[in-house]
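All chains are named by letter (A, B, ...) in the order of the sequence lines, taking the proteins before the strands, and each is independently numbered beginning at 1.
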2 protein chains.
Amino acid sequence: MPKEPKPTINDVARLSGVSKKTVSRVINKSPLLNEATRKKVEAVIAELGYVPNPQARALALRRNFLIGLIHDNPNAQMVLGVQEGILETIRDTEFALVVRPVDRHSPALLDDIRHFIEQQRLFGVMLLPPISENDELADMCRALGCTVVRMGSAALDKSEHLVASNDRQAVADAVYWLSELGHKRIGFIAGPEGFRSARERELGFADGMARAGLPLDPAIMARGTYRFESGQAAGDKLLAATPRPTAIFSSNDEMAAGFLHRALGQGIRVPQDLSIIGFDNTATAAHIWPPLTTVQWPIKAMARAAASKLIDPADAASQPSIFLSDLIRRASAATCAGAHGTDAPAPATQDGHGPAETQPLTPVTKSR
Amino acid sequence: MPKEPKPTINDVARLSGVSKKTVSRVINKSPLLNEATRKKVEAVIAELGYVPNPQARALALRRNFLIGLIHDNPNAQMVLGVQEGILETIRDTEFALVVRPVDRHSPALLDDIRHFIEQQRLFGVMLLPPISENDELADMCRALGCTVVRMGSAALDKSEHLVASNDRQAVADAVYWLSELGHKRIGFIAGPEGFRSARERELGFADGMARAGLPLDPAIMARGTYRFESGQAAGDKLLAATPRPTAIFSSNDEMAAGFLHRALGQGIRVPQDLSIIGFDNTATAAHIWPPLTTVQWPIKAMARAAASKLIDPADAASQPSIFLSDLIRRASAATCAGAHGTDAPAPATQDGHGPAETQPLTPVTKSR
DNA sequence: TTGTACGCGTTATCAC
DNA sequence: GTGATAACGCGTACAA
């Protein structure tokens, strides 16, 4: 176990015949420095493989370089996408990403997070939905002296501290697209109450229906929990309605999958008899049968922007804070059979894994 | 932005009328301490909300409290499960978890990771498959002076530095179970060459077939990439074989899903005409139609054990290092139609989301 | 049982 | 431009 101590700034100073401070200036790229001495010092640094000790830096600067990712998110892909996005931004900086999965139902939630931030002396934290919707939490983090950036489905905060998707518009556009496909009876599966994302998607559904001149019928609307089973329950209700809906918008993919199970179990053909659209573009969406048309957040881009806002607050306001989602069109949604349109329904044998599937199609959403 | 400086050990010492060192003893739970002074100091600590600065501690102790999770893993759920497991173990310690997704195909992989470890002065790292199979990488980490624990599908390392599932046995048992269901023609989809997990699962398949007295037929075996599309390709090959296999073991769920698409596309009924078993128990497995019988790693337990080995090397050898997987039985595998068994195939309308599904059944694997 | 002096690796101050 | 010297917050010798 090679345990030879790592070279310090003193070693570099001694070997290059300058003072510690000069080495420090080289490291921090001070502008007022003789080019010759800089070169000399840099040579010694390279030779020794010297790397500044971040703990000592943090101590002297009274400032840390850890950013925390706090989440309680059921969507593993999203969390991982965020981690990758953040990493891309901080890759060549001295920042590191420390993660903290939490349980939003724990009564000790706030205390846990407070302890986490205080103990690690975090520079900043990034909050993922749904806990990003918790204003009390965000305030507490700020009171602890760390910058906060929240990721969400709507304008939860000032733009310097926010990165959000416009779920409302994305859903409205998707629903309107269904109407363009000839669907007139469009059902809806809402997410759980208390989730901002669920509420935005509901509003978007109403917007889209209104734009299409279609009425909202409570008989073909249900509230779920974002879980698979609740999608099945919604299937029990909505598929029994008369007349049956010809299309369904589900507030997430998991419920859409549950709903689809029920539909297939009743011998309903998708998309010939019924179109389904989900939300999230989870791995499941691409792998179920038929492949699910769904709305996708530009997660990595959002995470990159969020990380920028975190590590460079001065630049935060200039970074975009609202992102538009793409509709990933797969086989689960097609022209309404009863409509007068000329498009044939997507063939049931289409796997939806051609080139049109692996790269998102033209977004339904538009800049405004 | 409340920016009042946090209380330091000096503040505590002053207010409680003792020296720094005494406070330090309280923090570190030194046994030789007057109970009265301890109580007094603890009161002041609580009152001030004092939290020791980990950076200063790290500096003084010449030892850090960051553990790194390095991974390049396509299975988001597994990565997140590991993160949660690690967190459960380090929750009440001063350790923090810093994550580093990497690209195993990058030529700079080793340099990237070296830089990461040196820059953050990591205490230890945890390697996830498939990069945990890279001996050169593990050696480099150790040369950098940080302890390494690897997670994998087989005995990659000494037990102090390893947490592994016994994929070979799990697959063998699952395949043997298929034979007990009456299947005699069992196909196999292998994972990509160069993956240790893929190799172990292949060996397990061969073991299981041998135990069942069944021959290996290359006509119903295919090699995939662990990706969905390769499962479809395997479907094209294996479903064209004569006679057609009555059961398939796929080395992961994603390929199983691709295979299933092809089977359903050809009008083959699952499980009546064909049984399918996957590996990983991803979210997809539970959500596709029919729900997929699959092998599941006890990921959280493994991650907890791995974290223990990391932060307490003295205790490492006593922790278990080989974990047994569970077979999650769902609707996709059933009695072979042509067999003489009395069990009826699972009804096609079963959603597989009853109680028997949400909690794993009795494991097929046994302690040895 | 408790306190003093010093070191850990770095940056900031303020001379030169 | 560059270099002594003092922080930063905490732990360890060693003395009391």
Consider only side-chain N and O atoms of B:Asn73 and B:Arg104, and report whether a donor and an acceptor are under 3.5 Å apart.
->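 Note: B:Asn73 and B:Arg104 side chains miss the donor-acceptor criterion.
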
Distance-only polar pair, side chains of A:Arg57 and A:Asn28, donor-acceptor under 3.5 Å = yes

When you measure from every atom of DNA chain C, which of residues 39-49 of chain B have a heavy atom less than 4.0 Å away?
->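 Within residues 39-49 of chain B, no residue comes under 4.0 Å of DNA chain C.
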
5′-ward residue of the pair A:Arg25/A:Lys20 relative to DNA chain C |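 Here A:Lys20 is the residue nearer the 5' end.
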
For B:Leu59 and B:Asn34, take the nucleotide of DNA chain C holding the closest heavy atom to each; which residue's nucleotide lies nearer the 5' end?
->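 Closer to the 5' end of DNA chain C: B:Asn34.
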
Can you check the [X] [atom1] to [N] [atom2] distance for me, whole Å?
X	N	atom1	atom2	value
B:Arg63	D:dC10	CZ	C1'	15 Å
B:Asn64	D:dG11	CG	P	14 Å
A:Gln119	D:dG9	CD	P	17 Å
B:Asn28	D:dT12	CG	P	7 Å
B:Glu94	D:dC10	CD	P	12 Å
A:Lys21	D:dA6	NZ	C1'	13 Å
B:Asp11	D:dC8	CG	P	11 Å
B:Leu61	D:dT12	CG	C1'	10 Å

Can you check whether [X] has a side-chain N or O nearer than 4.0 Å to OP1 or OP2 of [N]?
X	N	value
B:Thr8	D:dG9	no
B:Ser24	D:dT12	no
B:Asn10	D:dG9	no

Is the shortest side-chain N to carboxylate O distance from [X] to [Y] below 4.0 Å?
X	Y	answer
A:Asp11	A:Lys6	no
B:Arg150	B:Asp135	yes
A:Arg100	A:Asp112	no
B:Asp315	B:Lys309	no
A:Lys300	A:Glu88	yes

Please confirm whether the backbone N or O of B:Met151 pairs with a side-chain atom of B:Ser132, one donor and one acceptor, at under 3.5 Å?
-> yes

Does A:Ser24 reach the main-chain N or O of A:Lys20 with its side chain, forming a donor-acceptor pair under 3.5 Å?
->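 No: the side chain of A:Ser24 does not pair with the backbone of A:Lys20.
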
Outermost contacting nts on DNA chain C, any atom under 4.0 Å from chain A heavy atoms, listed 5' then 3', are C:dG9 to C:dA12

CD (B:Glu136) with more than 12 external heavy atoms under 6.0 Å =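 No, because the 6.0 Å sphere around CD of B:Glu136 holds 12 heavy atoms or fewer from other groups.
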
Measure across A:Ile117 and A:Cys141 and return the closest heavy-atom pair with its distance rounded to 0.1 Å.
->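 Nearest heavy atoms, A:Ile117 then A:Cys141: CD1-SG, 3.6 Å.
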
Which part of the nucleic acid, if any, lies within reach of A:Val18 when heavy atoms closer than 4.0 Å are counted: base, sugar-phosphate only, or nothing?
->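 Sugar-phosphate only.
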
For the helix from C:dT1-D:dA16 to C:dC16-D:dG1, what is the angle between the axes at its two ends, each from 5 pairs, rounded to 10°?
->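 About 30°, once rounded to a multiple of 10°.
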
A:Phe65 and A:Phe123 aromatic centres sub-6.0 Å |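 Ring-ring flag for A:Phe65/A:Phe123: false, centres at least 6.0 Å apart.
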
